[in-house]
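For reference, the structure is listed below as C-alpha coordinates.
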There are 2 protein chains.
Amino acid sequence: MAEELSLRERKKIQTRRALWRAATKLFLERGYDQVSVAEVALAAEVSKMTVFNYMSSKEDLVLGPMKEHIGDAARAVRDRSPGESAVAAFRRDFMAALNAHDASVGMSDDPYVLQMRRMIQETPALLVRAHEYVRRAQMLLAEELAASAEGPDAELAPVVAAQLMSVRYVVHEHNHRRLFAGESAEEVLPGAVALAERAFALVEHGLGDFGTLPAGTDTAQAAEAGAE
Amino acid sequence: MAEELSLRERKKIQTRRALWRAATKLFLERGYDQVSVAEVALAAEVSKMTVFNYMSSKEDLVLGPMKEHIGDAARAVRDRSPGESAVAAFRRDFMAALNAHDASVGMSDDPYVLQMRRMIQETPALLVRAHEYVRRAQMLLAEELAASAEGPDAELAPVVAAQLMSVRYVVHEHNHRRLFAGESAEEVLPGAVALAERAFALVEHGLGDFGTLPAGTDTAQAAEAGAE
DNA sequence: CCGAGAACGTGTACCGAGTCAATTCTTCTA
DNA sequence: TAGAAGAATTGACTCGGTACACGTTCTCGG
(Lines give C-alpha, C1' and ligand atoms only; values in the text may rest on other atoms or scores of the structure.)
Protein backbone atom coordinates (compact mmCIF):
# COMPACT_ATOMS: atom_id res chain seq x y z
CA MET A 1 0.00 0.00 0.00
CA ALA A 2 1.00 3.61 -0.24
CA GLU A 3 0.22 4.02 3.42
CA GLU A 4 3.80 4.51 4.47
CA LEU A 5 5.57 6.99 2.23
CA SER A 6 9.22 6.39 1.61
CA LEU A 7 11.87 8.18 3.57
CA ARG A 8 12.41 10.41 0.58
CA GLU A 9 8.77 11.48 0.56
CA ARG A 10 8.71 12.20 4.24
CA LYS A 11 11.85 14.29 4.01
CA LYS A 12 10.24 16.21 1.20
CA ILE A 13 7.21 17.07 3.27
CA GLN A 14 9.42 17.98 6.17
CA THR A 15 11.50 20.29 4.01
CA ARG A 16 8.43 21.97 2.57
CA ARG A 17 7.12 22.64 6.04
CA ALA A 18 10.45 23.95 7.31
CA LEU A 19 10.63 26.23 4.32
CA TRP A 20 7.18 27.60 4.87
CA ARG A 21 7.75 28.09 8.58
CA ALA A 22 11.04 29.90 8.09
CA ALA A 23 9.59 32.09 5.36
CA THR A 24 6.47 33.21 7.17
CA LYS A 25 8.43 33.81 10.36
CA LEU A 26 10.98 36.02 8.65
CA PHE A 27 8.41 37.80 6.52
CA LEU A 28 6.25 38.70 9.48
CA GLU A 29 9.23 39.81 11.50
CA ARG A 30 10.87 42.06 8.93
CA GLY A 31 8.46 42.45 6.02
CA TYR A 32 8.34 40.61 2.73
CA ASP A 33 10.59 42.90 0.73
CA GLN A 34 13.20 43.06 3.46
CA VAL A 35 13.81 39.31 3.35
CA SER A 36 15.68 37.69 0.47
CA VAL A 37 15.05 34.11 -0.59
CA ALA A 38 18.67 33.39 0.24
CA GLU A 39 17.90 34.25 3.85
CA VAL A 40 14.84 32.03 3.82
CA ALA A 41 16.94 29.21 2.44
CA LEU A 42 19.55 29.78 5.10
CA ALA A 43 16.97 29.73 7.88
CA ALA A 44 15.43 26.53 6.51
CA GLU A 45 18.90 25.03 6.10
CA VAL A 46 18.66 24.39 2.38
CA SER A 47 20.15 26.09 -0.64
CA LYS A 48 18.44 28.88 -2.52
CA MET A 49 17.95 26.54 -5.43
CA THR A 50 15.93 24.20 -3.29
CA VAL A 51 13.51 26.97 -2.43
CA PHE A 52 12.65 27.40 -6.08
CA ASN A 53 12.43 23.67 -6.45
CA TYR A 54 9.59 23.62 -3.94
CA MET A 55 7.98 26.97 -4.71
CA SER A 56 7.59 28.36 -8.18
CA SER A 57 8.30 31.89 -7.00
CA LYS A 58 9.03 33.94 -3.91
CA GLU A 59 5.39 35.05 -3.82
CA ASP A 60 4.31 31.43 -3.54
CA LEU A 61 6.01 31.20 -0.18
CA VAL A 62 3.15 33.37 1.00
CA LEU A 63 0.36 32.79 -1.48
CA GLY A 64 0.88 29.09 -2.10
CA PRO A 65 -2.15 28.03 -0.05
CA MET A 66 -4.35 30.46 -1.96
CA LYS A 67 -3.43 28.84 -5.27
CA GLU A 68 -5.23 25.68 -4.32
CA HIS A 69 -8.58 27.45 -4.25
CA ILE A 70 -8.53 29.02 -7.68
CA GLY A 71 -11.00 26.53 -9.09
CA ASP A 72 -13.42 26.61 -6.16
CA ALA A 73 -15.98 29.00 -7.60
CA ALA A 74 -16.06 27.19 -10.93
CA ARG A 75 -16.44 23.87 -9.15
CA ALA A 76 -19.33 25.13 -7.06
CA VAL A 77 -21.14 26.06 -10.25
CA ARG A 78 -20.28 22.87 -12.09
CA ASP A 79 -21.49 20.66 -9.25
CA ARG A 80 -24.82 22.38 -8.78
CA SER A 81 -27.99 20.34 -8.73
CA PRO A 82 -30.34 20.30 -11.73
CA GLY A 83 -32.85 23.12 -11.68
CA GLU A 84 -30.55 25.40 -9.77
CA SER A 85 -29.28 28.44 -11.67
CA ALA A 86 -25.57 29.12 -11.85
CA VAL A 87 -26.10 32.33 -9.95
CA ALA A 88 -28.01 30.57 -7.19
CA ALA A 89 -25.32 27.92 -6.89
CA PHE A 90 -22.58 30.51 -6.64
CA ARG A 91 -24.59 32.40 -4.08
CA ARG A 92 -25.30 29.37 -1.96
CA ASP A 93 -21.65 28.33 -1.97
CA PHE A 94 -20.53 31.82 -1.05
CA MET A 95 -23.05 32.19 1.74
CA ALA A 96 -22.00 28.86 3.17
CA ALA A 97 -18.38 30.00 3.20
CA LEU A 98 -19.37 33.19 4.99
CA ASN A 99 -21.27 31.33 7.68
CA ALA A 100 -18.39 28.90 8.08
CA HIS A 101 -16.02 31.81 8.76
CA ASP A 102 -13.94 30.63 5.85
CA ALA A 103 -10.67 32.47 5.26
CA SER A 104 -11.30 32.39 1.50
CA VAL A 105 -14.02 35.02 1.96
CA GLY A 106 -12.04 36.96 4.51
CA MET A 107 -14.04 35.76 7.49
CA SER A 108 -11.26 34.30 9.60
CA ASP A 109 -10.33 36.30 12.67
CA ASP A 110 -7.33 34.15 13.50
CA PRO A 111 -4.62 36.69 14.42
CA TYR A 112 -2.05 34.85 12.37
CA VAL A 113 -4.26 34.90 9.29
CA LEU A 114 -4.97 38.58 9.83
CA GLN A 115 -1.29 39.36 10.13
CA MET A 116 -0.55 37.56 6.88
CA ARG A 117 -3.39 39.37 5.18
CA ARG A 118 -2.10 42.72 6.31
CA MET A 119 1.33 41.91 4.95
CA ILE A 120 -0.19 40.96 1.60
CA GLN A 121 -2.16 44.20 1.49
CA GLU A 122 0.95 46.21 2.23
CA THR A 123 3.24 44.51 -0.27
CA PRO A 124 2.60 45.50 -3.89
CA ALA A 125 4.22 42.39 -5.36
CA LEU A 126 2.02 40.12 -3.28
CA LEU A 127 -1.07 42.14 -4.00
CA VAL A 128 -0.52 41.94 -7.74
CA ARG A 129 0.00 38.21 -7.57
CA ALA A 130 -3.08 37.74 -5.41
CA HIS A 131 -5.17 39.69 -7.89
CA GLU A 132 -3.74 37.54 -10.63
CA TYR A 133 -5.12 34.49 -8.88
CA VAL A 134 -8.52 36.11 -8.52
CA ARG A 135 -8.47 36.87 -12.22
CA ARG A 136 -7.71 33.27 -13.04
CA ALA A 137 -10.49 32.09 -10.76
CA GLN A 138 -12.81 34.43 -12.61
CA MET A 139 -11.67 33.04 -15.95
CA LEU A 140 -12.34 29.48 -14.85
CA LEU A 141 -15.77 30.50 -13.63
CA ALA A 142 -16.47 32.19 -16.95
CA GLU A 143 -15.54 29.02 -18.81
CA GLU A 144 -17.82 26.99 -16.61
CA LEU A 145 -20.67 29.44 -17.15
CA ALA A 146 -20.09 29.41 -20.89
CA ALA A 147 -20.35 25.63 -20.88
CA SER A 148 -23.63 25.82 -18.98
CA ALA A 149 -25.32 28.42 -21.15
CA GLU A 150 -24.53 27.53 -24.70
CA GLY A 151 -25.86 29.58 -27.54
CA PRO A 152 -25.56 33.35 -27.72
CA ASP A 153 -25.49 33.67 -23.94
CA ALA A 154 -22.16 31.88 -23.79
CA GLU A 155 -20.46 34.99 -25.09
CA LEU A 156 -21.70 36.89 -22.07
CA ALA A 157 -20.34 34.41 -19.56
CA PRO A 158 -17.32 36.60 -18.74
CA VAL A 159 -19.68 39.41 -17.81
CA VAL A 160 -21.61 37.18 -15.45
CA ALA A 161 -18.40 35.83 -13.96
CA ALA A 162 -17.17 39.35 -13.34
CA GLN A 163 -20.41 40.26 -11.64
CA LEU A 164 -20.35 37.27 -9.35
CA MET A 165 -16.69 37.54 -8.45
CA SER A 166 -17.05 41.22 -7.71
CA VAL A 167 -19.69 40.42 -5.10
CA ARG A 168 -17.16 38.15 -3.51
CA TYR A 169 -14.58 40.89 -3.64
CA VAL A 170 -16.77 43.55 -2.09
CA VAL A 171 -17.79 41.41 0.83
CA HIS A 172 -14.23 40.21 1.26
CA GLU A 173 -12.97 43.78 1.50
CA HIS A 174 -15.75 44.70 3.87
CA ASN A 175 -14.79 41.87 6.16
CA HIS A 176 -11.14 42.89 6.12
CA ARG A 177 -11.95 46.38 7.19
CA ARG A 178 -14.08 45.28 10.09
CA LEU A 179 -11.72 42.56 11.25
CA PHE A 180 -8.71 44.86 11.11
CA ALA A 181 -10.67 47.29 13.22
CA GLY A 182 -10.67 44.63 15.91
CA GLU A 183 -14.13 43.13 15.60
CA SER A 184 -14.59 39.40 15.88
CA ALA A 185 -15.79 37.23 13.02
CA GLU A 186 -19.01 36.66 14.92
CA GLU A 187 -19.64 40.39 15.08
CA VAL A 188 -18.81 40.91 11.42
CA LEU A 189 -20.97 38.12 10.07
CA PRO A 190 -24.41 39.79 10.11
CA GLY A 191 -23.18 42.85 8.25
CA ALA A 192 -21.35 40.69 5.75
CA VAL A 193 -24.45 38.66 5.06
CA ALA A 194 -26.57 41.77 4.65
CA LEU A 195 -24.07 43.33 2.26
CA ALA A 196 -23.88 40.14 0.24
CA GLU A 197 -27.65 40.02 -0.04
CA ARG A 198 -27.74 43.54 -1.37
CA ALA A 199 -24.92 42.90 -3.81
CA PHE A 200 -26.52 39.75 -5.16
CA ALA A 201 -29.81 41.57 -5.49
CA LEU A 202 -28.11 44.24 -7.53
CA VAL A 203 -26.56 41.66 -9.80
CA GLU A 204 -29.70 39.62 -10.26
CA HIS A 205 -32.11 42.49 -10.54
CA GLY A 206 -29.91 44.80 -12.61
CA LEU A 207 -28.29 48.14 -12.13
CA GLY A 208 -31.22 50.14 -13.38
CA ASP A 209 -30.14 53.76 -13.36
CA PHE A 210 -27.51 53.44 -10.71
CA GLY A 211 -25.77 56.71 -10.03
CA THR A 212 -28.09 59.17 -11.69
CA LEU A 213 -27.08 62.73 -11.05
CA PRO A 214 -29.83 65.06 -9.88
CA ALA A 215 -31.13 67.07 -12.82
CA GLY A 216 -31.07 70.85 -12.57
CA THR A 217 -27.47 71.13 -11.46
CA ASP A 218 -25.31 72.44 -14.26
CA THR A 219 -22.08 71.96 -12.34
CA ALA A 220 -22.27 68.37 -11.29
CA GLN A 221 -18.60 67.87 -10.63
CA ALA A 222 -18.44 71.00 -8.49
CA ALA A 223 -21.24 69.61 -6.35
CA GLU A 224 -19.36 66.37 -5.91
CA ALA A 225 -16.16 68.15 -5.06
CA GLY A 226 -17.99 70.23 -2.53
CA ALA A 227 -19.16 67.12 -0.74
CA GLU A 228 -15.57 66.23 -0.05
CA MET B 1 5.16 80.71 -21.66
CA ALA B 2 6.80 77.39 -22.38
CA GLU B 3 6.12 77.64 -26.07
CA GLU B 4 9.65 76.75 -27.17
CA LEU B 5 11.09 74.00 -25.05
CA SER B 6 14.73 74.19 -24.16
CA LEU B 7 17.42 72.06 -25.73
CA ARG B 8 17.34 69.86 -22.69
CA GLU B 9 13.63 69.23 -23.06
CA ARG B 10 13.91 68.50 -26.74
CA LYS B 11 16.74 66.07 -26.16
CA LYS B 12 14.64 64.37 -23.55
CA ILE B 13 11.76 63.89 -25.94
CA GLN B 14 14.15 62.72 -28.61
CA THR B 15 15.68 60.17 -26.26
CA ARG B 16 12.28 58.90 -25.20
CA ARG B 17 11.27 58.44 -28.80
CA ALA B 18 14.53 56.71 -29.74
CA LEU B 19 14.07 54.41 -26.79
CA TRP B 20 10.55 53.52 -27.76
CA ARG B 21 11.45 52.99 -31.41
CA ALA B 22 14.41 50.75 -30.61
CA ALA B 23 12.40 48.76 -28.10
CA THR B 24 9.37 48.07 -30.27
CA LYS B 25 11.56 47.25 -33.24
CA LEU B 26 13.62 44.70 -31.33
CA PHE B 27 10.61 43.27 -29.52
CA LEU B 28 8.69 42.68 -32.72
CA GLU B 29 11.71 41.20 -34.44
CA ARG B 30 12.75 38.74 -31.77
CA GLY B 31 10.02 38.63 -29.14
CA TYR B 32 9.75 40.46 -25.83
CA ASP B 33 11.46 37.86 -23.66
CA GLN B 34 14.32 37.41 -26.10
CA VAL B 35 15.40 41.04 -25.81
CA SER B 36 17.12 42.38 -22.71
CA VAL B 37 16.86 45.99 -21.64
CA ALA B 38 20.61 46.24 -22.06
CA GLU B 39 20.13 45.52 -25.76
CA VAL B 40 17.41 48.12 -25.99
CA ALA B 41 19.71 50.61 -24.31
CA LEU B 42 22.51 49.74 -26.71
CA ALA B 43 20.26 50.16 -29.72
CA ALA B 44 19.05 53.53 -28.44
CA GLU B 45 22.62 54.53 -27.60
CA VAL B 46 22.08 55.17 -23.92
CA SER B 47 22.96 53.25 -20.78
CA LYS B 48 20.67 50.64 -19.25
CA MET B 49 20.07 52.90 -16.30
CA THR B 50 18.71 55.60 -18.56
CA VAL B 51 16.06 53.20 -19.80
CA PHE B 52 14.73 52.83 -16.28
CA ASN B 53 14.98 56.55 -15.84
CA TYR B 54 12.47 57.03 -18.65
CA MET B 55 10.35 53.93 -18.15
CA SER B 56 9.42 52.57 -14.75
CA SER B 57 9.79 48.99 -15.95
CA LYS B 58 10.59 46.91 -18.99
CA GLU B 59 6.87 46.30 -19.53
CA ASP B 60 6.30 50.02 -19.82
CA LEU B 61 8.39 50.06 -22.98
CA VAL B 62 5.42 48.31 -24.53
CA LEU B 63 2.47 49.26 -22.34
CA GLY B 64 3.42 52.85 -21.61
CA PRO B 65 0.80 54.32 -23.96
CA MET B 66 -1.89 52.22 -22.32
CA LYS B 67 -1.08 53.70 -18.93
CA GLU B 68 -2.30 57.11 -20.02
CA HIS B 69 -5.83 55.80 -20.45
CA ILE B 70 -6.33 54.26 -17.05
CA GLY B 71 -8.54 57.07 -15.87
CA ASP B 72 -10.65 57.34 -19.01
CA ALA B 73 -13.65 55.35 -17.85
CA ALA B 74 -13.78 57.17 -14.54
CA ARG B 75 -13.51 60.50 -16.31
CA ALA B 76 -16.32 59.65 -18.68
CA VAL B 77 -18.54 59.00 -15.70
CA ARG B 78 -17.42 62.04 -13.77
CA ASP B 79 -18.03 64.39 -16.68
CA ARG B 80 -21.51 63.14 -17.48
CA SER B 81 -24.37 65.59 -17.83
CA PRO B 82 -26.92 66.01 -15.03
CA GLY B 83 -29.81 63.59 -15.27
CA GLU B 84 -27.70 60.98 -17.01
CA SER B 85 -27.06 57.79 -15.05
CA ALA B 86 -23.52 56.62 -14.55
CA VAL B 87 -24.31 53.49 -16.50
CA ALA B 88 -25.67 55.48 -19.43
CA ALA B 89 -22.61 57.72 -19.45
CA PHE B 90 -20.24 54.79 -19.47
CA ARG B 91 -22.25 53.17 -22.20
CA ARG B 92 -22.32 56.27 -24.36
CA ASP B 93 -18.59 56.79 -24.00
CA PHE B 94 -17.88 53.17 -24.83
CA MET B 95 -20.14 53.12 -27.87
CA ALA B 96 -18.51 56.28 -29.16
CA ALA B 97 -15.08 54.68 -28.85
CA LEU B 98 -16.36 51.63 -30.69
CA ASN B 99 -17.70 53.68 -33.57
CA ALA B 100 -14.50 55.68 -33.71
CA HIS B 101 -12.49 52.47 -34.18
CA ASP B 102 -10.55 53.37 -31.06
CA ALA B 103 -7.64 51.11 -30.19
CA SER B 104 -8.62 51.28 -26.52
CA VAL B 105 -11.62 49.05 -27.23
CA GLY B 106 -9.70 46.84 -29.61
CA MET B 107 -11.21 48.28 -32.76
CA SER B 108 -8.04 49.33 -34.57
CA ASP B 109 -7.10 47.20 -37.56
CA ASP B 110 -3.78 48.93 -38.08
CA PRO B 111 -1.34 46.07 -38.74
CA TYR B 112 1.24 47.55 -36.42
CA VAL B 113 -1.25 47.79 -33.58
CA LEU B 114 -2.39 44.25 -34.22
CA GLN B 115 1.17 42.98 -34.17
CA MET B 116 1.80 44.66 -30.82
CA ARG B 117 -1.41 43.25 -29.45
CA ARG B 118 -0.47 39.76 -30.51
CA MET B 119 2.88 40.11 -28.79
CA ILE B 120 1.17 41.24 -25.59
CA GLN B 121 -1.22 38.30 -25.74
CA GLU B 122 1.63 35.88 -26.20
CA THR B 123 3.86 37.26 -23.44
CA PRO B 124 2.73 36.36 -19.92
CA ALA B 125 4.58 39.20 -18.25
CA LEU B 126 2.94 41.78 -20.51
CA LEU B 127 -0.46 40.20 -20.14
CA VAL B 128 -0.27 40.32 -16.37
CA ARG B 129 0.77 43.94 -16.41
CA ALA B 130 -1.98 44.84 -18.87
CA HIS B 131 -4.56 43.22 -16.64
CA GLU B 132 -3.12 45.14 -13.74
CA TYR B 133 -3.87 48.36 -15.58
CA VAL B 134 -7.41 47.24 -16.28
CA ARG B 135 -7.83 46.49 -12.61
CA ARG B 136 -6.65 49.96 -11.68
CA ALA B 137 -8.99 51.52 -14.21
CA GLN B 138 -11.79 49.54 -12.60
CA MET B 139 -10.79 50.78 -9.17
CA LEU B 140 -10.82 54.39 -10.29
CA LEU B 141 -14.23 53.88 -11.84
CA ALA B 142 -15.47 52.33 -8.61
CA GLU B 143 -14.27 55.34 -6.65
CA GLU B 144 -16.02 57.67 -9.05
CA LEU B 145 -19.23 55.66 -8.80
CA ALA B 146 -19.01 55.62 -5.02
CA ALA B 147 -18.73 59.39 -5.02
CA SER B 148 -21.81 59.66 -7.24
CA ALA B 149 -24.04 57.33 -5.30
CA GLU B 150 -23.62 58.22 -1.71
CA GLY B 151 -25.47 56.35 0.99
CA PRO B 152 -25.64 52.59 1.20
CA ASP B 153 -25.23 52.22 -2.55
CA ALA B 154 -21.69 53.50 -2.38
CA GLU B 155 -20.57 50.21 -0.91
CA LEU B 156 -21.77 48.47 -4.05
CA ALA B 157 -19.84 50.70 -6.42
CA PRO B 158 -17.10 48.09 -6.97
CA VAL B 159 -19.72 45.64 -8.14
CA VAL B 160 -21.09 48.10 -10.66
CA ALA B 161 -17.58 48.97 -11.82
CA ALA B 162 -16.82 45.30 -12.36
CA GLN B 163 -19.98 44.86 -14.35
CA LEU B 164 -19.27 47.80 -16.61
CA MET B 165 -15.61 47.01 -17.15
CA SER B 166 -16.41 43.42 -17.96
CA VAL B 167 -18.64 44.56 -20.79
CA ARG B 168 -15.68 46.45 -22.14
CA TYR B 169 -13.52 43.38 -21.76
CA VAL B 170 -15.90 41.03 -23.52
CA VAL B 171 -16.34 43.26 -26.53
CA HIS B 172 -12.61 43.95 -26.58
CA GLU B 173 -11.84 40.25 -26.74
CA HIS B 174 -14.48 39.71 -29.37
CA ASN B 175 -12.91 42.36 -31.55
CA HIS B 176 -9.45 40.84 -31.14
CA ARG B 177 -10.64 37.48 -32.32
CA ARG B 178 -12.31 38.85 -35.40
CA LEU B 179 -9.48 41.20 -36.32
CA PHE B 180 -6.85 38.51 -35.89
CA ALA B 181 -8.92 36.38 -38.21
CA GLY B 182 -8.28 38.99 -40.87
CA GLU B 183 -11.51 40.96 -40.88
CA SER B 184 -11.42 44.72 -41.18
CA ALA B 185 -12.58 47.04 -38.43
CA GLU B 186 -15.50 48.03 -40.64
CA GLU B 187 -16.63 44.42 -40.88
CA VAL B 188 -16.23 43.83 -37.15
CA LEU B 189 -18.11 46.90 -36.00
CA PRO B 190 -21.74 45.73 -36.37
CA GLY B 191 -21.14 42.54 -34.44
CA ALA B 192 -19.26 44.44 -31.76
CA VAL B 193 -22.11 46.89 -31.34
CA ALA B 194 -24.67 44.11 -31.16
CA LEU B 195 -22.64 42.24 -28.55
CA ALA B 196 -22.20 45.39 -26.51
CA GLU B 197 -25.94 46.03 -26.59
CA ARG B 198 -26.67 42.56 -25.28
CA ALA B 199 -24.01 42.83 -22.59
CA PHE B 200 -25.28 46.18 -21.37
CA ALA B 201 -28.83 44.84 -21.36
CA LEU B 202 -27.70 41.97 -19.17
CA VAL B 203 -26.03 44.36 -16.76
CA GLU B 204 -28.91 46.78 -16.60
CA HIS B 205 -31.73 44.28 -16.34
CA GLY B 206 -29.96 41.72 -14.22
CA LEU B 207 -28.83 38.18 -14.61
CA GLY B 208 -32.11 36.63 -13.59
CA ASP B 209 -31.36 32.94 -13.33
CA PHE B 210 -28.64 32.82 -15.91
CA GLY B 211 -27.37 29.32 -16.50
CA THR B 212 -30.20 27.24 -15.08
CA LEU B 213 -29.71 23.54 -15.60
CA PRO B 214 -32.69 21.81 -17.27
CA ALA B 215 -34.96 20.22 -14.69
CA GLY B 216 -38.31 20.53 -16.41
CA THR B 217 -38.90 24.19 -15.67
CA ASP B 218 -38.13 26.63 -18.44
CA THR B 219 -39.66 29.75 -17.01
CA ALA B 220 -36.35 31.55 -17.08
CA GLN B 221 -35.67 34.31 -19.51
CA ALA B 222 -32.16 33.07 -20.04
CA ALA B 223 -33.10 29.44 -20.54
CA GLU B 224 -34.61 30.24 -23.90
CA ALA B 225 -31.21 29.97 -25.49
CA GLY B 226 -32.09 26.37 -26.25
CA ALA B 227 -28.71 25.40 -24.97
CA GLU B 228 -27.47 22.20 -23.44
C1' DC C 1 21.78 -10.38 -1.39
C1' DC C 2 24.11 -7.09 -4.16
C1' DG C 3 25.68 -3.98 -7.68
C1' DA C 4 24.73 -1.03 -11.85
C1' DG C 5 21.85 2.28 -13.79
C1' DA C 6 17.99 5.50 -13.48
C1' DA C 7 15.76 9.24 -11.16
C1' DC C 8 15.62 12.69 -8.12
C1' DG C 9 17.14 16.43 -5.04
C1' DT C 10 20.98 19.63 -4.28
C1' DG C 11 24.86 22.97 -4.89
C1' DT C 12 27.60 26.24 -7.95
C1' DA C 13 27.83 29.52 -11.38
C1' DC C 14 25.39 32.54 -13.93
C1' DC C 15 21.81 35.91 -16.27
C1' DG C 16 18.69 39.73 -16.45
C1' DA C 17 15.75 43.20 -14.03
C1' DG C 18 15.84 47.00 -11.16
C1' DT C 19 18.39 50.41 -7.47
C1' DC C 20 22.01 53.67 -5.47
C1' DA C 21 25.88 56.95 -5.01
C1' DA C 22 28.68 59.50 -7.66
C1' DT C 23 29.81 62.06 -12.07
C1' DT C 24 28.94 65.00 -16.07
C1' DC C 25 26.59 68.36 -18.39
C1' DT C 26 23.00 72.06 -19.05
C1' DT C 27 21.08 76.26 -17.60
C1' DC C 28 20.33 80.18 -14.87
C1' DT C 29 22.40 84.00 -12.20
C1' DA C 30 25.73 87.46 -10.75
C1' DT D 1 32.01 84.97 -18.45
C1' DA D 2 32.43 82.37 -14.05
C1' DG D 3 30.20 79.64 -11.07
C1' DA D 4 26.39 77.57 -8.50
C1' DA D 5 22.28 74.58 -8.79
C1' DG D 6 20.22 70.82 -10.34
C1' DA D 7 18.91 67.47 -13.69
C1' DA D 8 20.45 63.62 -16.77
C1' DT D 9 23.41 59.94 -17.01
C1' DT D 10 26.28 56.27 -15.53
C1' DG D 11 28.93 52.09 -13.57
C1' DA D 12 28.70 49.14 -9.70
C1' DC D 13 25.68 46.47 -7.02
C1' DT D 14 21.57 43.47 -5.13
C1' DC D 15 18.24 40.14 -5.77
C1' DG D 16 15.01 36.90 -8.08
C1' DG D 17 15.23 33.10 -10.99
C1' DT D 18 17.65 29.40 -14.23
C1' DA D 19 21.06 25.98 -16.51
C1' DC D 20 24.21 22.64 -15.66
C1' DA D 21 26.73 19.22 -13.11
C1' DC D 22 27.19 16.37 -9.03
C1' DG D 23 25.95 13.29 -5.28
C1' DT D 24 22.46 10.49 -3.16
C1' DT D 25 18.54 7.33 -3.05
C1' DC D 26 15.36 3.94 -5.32
C1' DT D 27 14.85 -0.08 -8.65
C1' DC D 28 15.75 -4.10 -11.04
C1' DG D 29 18.56 -7.94 -13.03
C1' DG D 30 21.87 -11.43 -11.74
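A note on names: the letters A, B, ... follow the listed sequences, proteins ahead of strands, and every chain is numbered from 1. For clarity, every value in this text was computed on a predicted model and none was experimentally measured.
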Audit row: A/Ser57, A/Glu59, side chain to side chain donor-acceptor pair (under 3.5 Å) steps and yes/no
CA-CA 5 Å; A/Ser57 71; A/Glu59 285 97 343; 3.3 Å; yes
B/Lys48/B/Glu39 salt bridge by N-O under 4.0 Å criterion
no
Which residues, if any, of residues 29-45 of chain B bring a heavy atom under 4.0 Å of DNA chain C?
B/Val35, B/Ser36, B/Val37
Separation of B/Ile13 atom CD1 from C/dT26 atom C1', in whole Å?
16 Å
Quick one: does any side-chain atom of A/Asp102 pair with a main-chain N or O of A/Ala97 as donor and acceptor, under 3.5 Å?
no
Ignoring hydrogens and geometry, is there a side-chain-to-backbone donor-acceptor pair from A/Thr123 to A/Ala125 under 3.5 Å?
no
A/Arg16 CZ - C/dC8 P separation (whole Å):
15 Å
For the pair B/Arg80 and B/Ser148, evaluate side chain to side chain donor-acceptor pair (under 3.5 Å) and give the outcome as yes or no after the intermediate values.
CA-CA 11 Å; B/Arg80 70 188 183 279; B/Ser148 295; 3.2 Å; yes
Please report the distance, rounded to the nearest Å, between CZ in B/Phe27 and P in C/dG16.
13 Å
Lys/Arg-Asp/Glu bridge criterion (N-O < 4.0 Å) met for B/Glu155, A/Arg198
yes
Any carboxylate oxygen within less than 4.0 angstrom of a Lys/Arg side-chain nitrogen, looking at A/Glu132 and A/Arg129?
no
Main-chain N/O of B/His176 paired to B/Arg117 side chain as donor or acceptor, under 3.5 Å:
no
Contact list for DNA chain D against residues 123-130 of chain A - heavy-atom distance below 4.0 Å:
none
How are the rings of B/Phe90 and B/Phe200 set to each other: parallel, tilted or perpendicular (split at 30° and 60°)?
perpendicular
Cation over ring face, B/Arg118 and B/Phe180, 6.0 Å, 45°
yes
For A/Glu59 and D/dC15, give me the distance from atom CD to atom P, rounded to whole Å.
16 Å
Within residues 46-58 of chain B: residues closer than 4.0 Å to DNA chain D (heavy atoms)
B/Val46, B/Ser47, B/Met49, B/Thr50, B/Asn53, B/Tyr54
